2 protein chains.
Amino acid sequence: MLSKTSEYAIRALVFIQLQQIQNKRPGVIEIAKEIEAPEAFTAKVLQILTRNHLVQSMKGRGGGFFFKDNKCELTLFDVIQHTEGDLIFKKCGFGLTQCSDENPCPLHDKYDAIRDGFLQIAKAETICSLSQKIISGKAVLNRLVTMN
Amino acid sequence: MLSKTSEYAIRALVFIQLQQIQNKRPGVIEIAKEIEAPEAFTAKVLQILTRNHLVQSMKGRGGGFFFKDNKCELTLFDVIQHTEGDLIFKKCGFGLTQCSDENPCPLHDKYDAIRDGFLQIAKAETICSLSQKIISGKAVLNRLVTMN
DNA sequence: TTATAAAAAGATACCATTGTCCTTTTATAA
DNA sequence: TTATAAAAGGACAATGGTATCTTTTTATAA
């Protein structure tokens, strides 16, 4: 469903937030290792995010990634918009270019419900809310539960 | 969500069924035109389907594609299985390899519901049922409503 | 039986996503 | 002020999905 780019982006942001709570500012190498993504590619993904101000970065010694004013209240929708555009939230499940309520494909109603459900999740969940689930032990970021 | 291959496959099969009702046996060229997909690629997709016996074909003059014993009762799930494997119905929405009920990612519950909803559609809808919606005028196969 | 029409098959090309590497810029610590 | 550590940026490589073209096989109609 989501591209690797989106997955890495979301996982990376959650990890950054988890670190920020501990007053740390992780760098690419640490982030990539934690989210189990390739280092150089993670750097590229983070570049997209910082360019679009979804997260902040600092160069140089002691640099790394962080949220300004502790603001991690960006929704998954915000992130996904930047990593794959919003076609994913609009496209017909049957592949028709002209699919609409007036001119529906045979899957229109049922698929729309599913896609809208996904949109609701994406708009409701934020990097903060996901992080919170991990902090409270209700979820994990990867196979190791790492809160150190 | 679905790949082009899957979309073309489903649309092609629905068109074949619509033609079969009129005792016709469409060929690749006609199918491709109707579903608005590239001809050569449509041929490849149909090859996959016939190789896996989701639809039958006849070579030579007067040949084309058809359903044996008028059996178009295959589910979208069956089709999708062959066009993109079943990972699409299992994969973690967060991208974790180890995601499970016991070891859930922060999106686990909500995303699972969505994905399961999609699975239900895929298992409930068949090429026949989609065709029926078109025949009864409740849906269209492409921008033109072609039932000639 | 032969010409023809059609699917099957194989080889190849294209393009977007994913991934790597190397250089440049920038900030900090020493 | 200089060495160093880090992100940013640019160029490139690998992969997989999408797409095209040509040849081969097969069945039918004439």
Side-chain angles (χ1 to χ4, degrees), chain A residues 1-13 15-16 19 24-33 35-68 80 82-85 87-88 91 95 97, chain B residues 1-13 15-16 19 24-33 35-68 80 82-85 87-88 91 95 97:
Chain A
M1 182 105 203
L2 289 178
S3 65
K4 299 254 185 188
T5 299
S6 297
E7 287 179 5
Y8 295 161
I10 296 170
R11 300 223 298 278
L13 291 172
F15 177 64
I16 292 167
Q19 291 300 101
K24 292 179 193 165
R25 207 160 49 193
V28 169
I29 296 175
E30 188 185 357
I31 294 170
K33 186 179 295 176
I35 69 175
E36 298 175 279
E39 224 173 81
F41 192 65
T42 301
K44 286 299 176 201
V45 173
L46 286 168
Q47 258 182 56
I48 296 172
L49 300 178
T50 51
R51 243 190 252 126
N52 290 284
H53 310 102
L54 298 185
V55 71
Q56 274 64 49
S57 72
M58 283 193 61
K59 285 185 176 184
R61 254 196 196 185
F65 297 85
F66 63 98
F67 290 101
K68 189 153 66 177
I80 295 169
H82 285 99
T83 47
E84 44 199 311
L87 201 66
I88 187 176
K91 197 173 158 289
T97 45
Chain B
M1 182 104 202
L2 290 179
S3 65
K4 298 250 184 182
T5 299
S6 297
E7 288 180 4
Y8 296 161
I10 296 170
R11 300 222 298 278
L13 291 172
F15 177 64
I16 292 168
Q19 290 301 100
K24 291 179 192 165
R25 209 159 50 192
V28 169
I29 297 175
E30 188 185 355
I31 295 171
K33 186 180 295 176
I35 69 174
E36 298 175 281
E39 227 173 78
F41 192 65
T42 301
K44 284 300 176 199
V45 174
L46 286 167
Q47 259 182 55
I48 296 173
L49 300 177
T50 51
R51 243 189 249 127
N52 290 284
H53 309 102
L54 298 185
V55 71
Q56 274 65 47
S57 71
M58 283 194 61
K59 285 184 178 184
R61 256 197 196 185
F65 297 86
F66 62 98
F67 290 101
K68 190 153 66 177
I80 295 168
H82 285 98
T83 46
E84 43 199 311
L87 200 66
I88 187 176
K91 194 172 160 290
T97 45

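As a basis for the values below, the full set of heavy atoms in this structure was taken, side chains included, without hydrogen atoms, waters or symmetry mates. Proteins come first, then strands; the chains are lettered A, B, ... in the order of their sequence lines, and each starts at number 1. Since this is a predicted model, take the numbers as computed values, not measurements.
Of the listed nucleotides (D:dA19, C:dA30, C:dT18), C:dT18 has the atom at the smallest distance from the side chain of A:Ser3. Nearest nucleotide to the side chain of B:Arg51, out of D:dA29, C:dA9, D:dT20: C:dA9. Nearest nucleotide to the side chain of B:Ser57, out of D:dT4, D:dT28, C:dA8: C:dA8. In the set C:dA7, D:dA5, D:dA30, C:dA7 carries the atom at the smallest distance from any side-chain atom of B:Lys59. Of the candidates D:dA7, D:dA19, D:dT20, D:dT20 carries the atom nearest the B:Lys44 side chain, counting heavy atoms from C-beta on. The side chain of B:Val28 sits closest to C:dA7 out of D:dA8, C:dA7, C:dC21. Distance from the side chain of A:Thr50 is smallest to D:dA8 among D:dT4, C:dG19, D:dA8.
One can place NZ of B:Lys4 at 14 Å from C1' of C:dC14, the figure rounded to the nearest angstrom. In this structure, CG of B:Leu46 is placed 8 Å from P of C:dA8, rounded to the nearest angstrom. Atom pair B:Phe66:CZ and D:dA27:C1' shows a separation of 12 Å (rounding to whole Å applied). What separates CG of A:Leu2 from P of C:dT18 is a distance of 10 Å, to the nearest Å. Rounded to whole angstrom, the span from the CZ atom of B:Arg25 across to the P atom of C:dA5 amounts to 16 Å. Computed from coordinates, the B:Ile31 CD1 to C:dA6 P distance equals 12 Å when rounded to whole Å. The CD1 atom of A:Ile29 sits 14 Å away from the P atom of D:dA8 (whole-angstrom rounding). Across the protein-nucleic acid pair, A:Leu49 atom CG and D:dA7 atom P stand 13 Å apart, rounded to whole Å.
The distance from the CG atom of B:Leu49 to the OG1 atom of B:Thr83 is 7.5 Å, given to the nearest 0.5 Å. Between B:Met1 atom CE and B:Ile88 atom CD1 the span is 4.5 Å, to the nearest 0.5 Å. Rounded to the nearest 0.5 Å, atoms CG (A:Leu46) and CZ (A:Phe65) are 4.5 Å apart. Atom CD of residue B:Glu36 and atom CD of residue B:Glu7 lie 12.0 Å apart, to the nearest 0.5 angstrom.
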Intra- and inter-strand pairing of DNA chain C, written as dot-bracket with Watson-Crick and G-U pairs under 3.5 Å and | for the latter, reads ||||||||||||||||||||||||||||||
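Comparing A:Thr42 and A:Met58 by the nucleotide of DNA chain C that holds the closest heavy atom to each, the one mapping nearer the 5' end is A:Thr42. Map A:Gly60 and A:Phe41 each onto its nearest nucleotide of DNA chain C; the residue landing nearer the 5' end is A:Phe41.
Judged purely by atom type and a 3.5 angstrom limit, B:Glu84 has no side-chain atom pairing as donor or acceptor with the backbone of B:Ser6. With A:Glu39 contributing its side chain and A:Ala32 its backbone, the two residues share no donor-acceptor pair below 3.5 Å.
At D:dA19, one or more side-chain N or O atoms of B:Tyr8 fall inside 4.0 Å of OP1 or OP2 (strictly under the cut-off). Using a 4.0 Å cut-off, no side-chain N or O of A:Thr5 falls inside it from OP1 or OP2 of C:dT17.
Counting all heavy atoms, side chain and backbone alike, A:Phe66 lies closest to A:Val55 at O-CG2, 3.1 Å. Across all their heavy atoms, B:Gln56 and B:Lys68 have their closest contact at OE1-N, 3.1 Å.
With hydrogens and angles ignored, no donor-acceptor pair under 3.5 angstrom links the side chain of B:Gln47 to the base of C:dA7.
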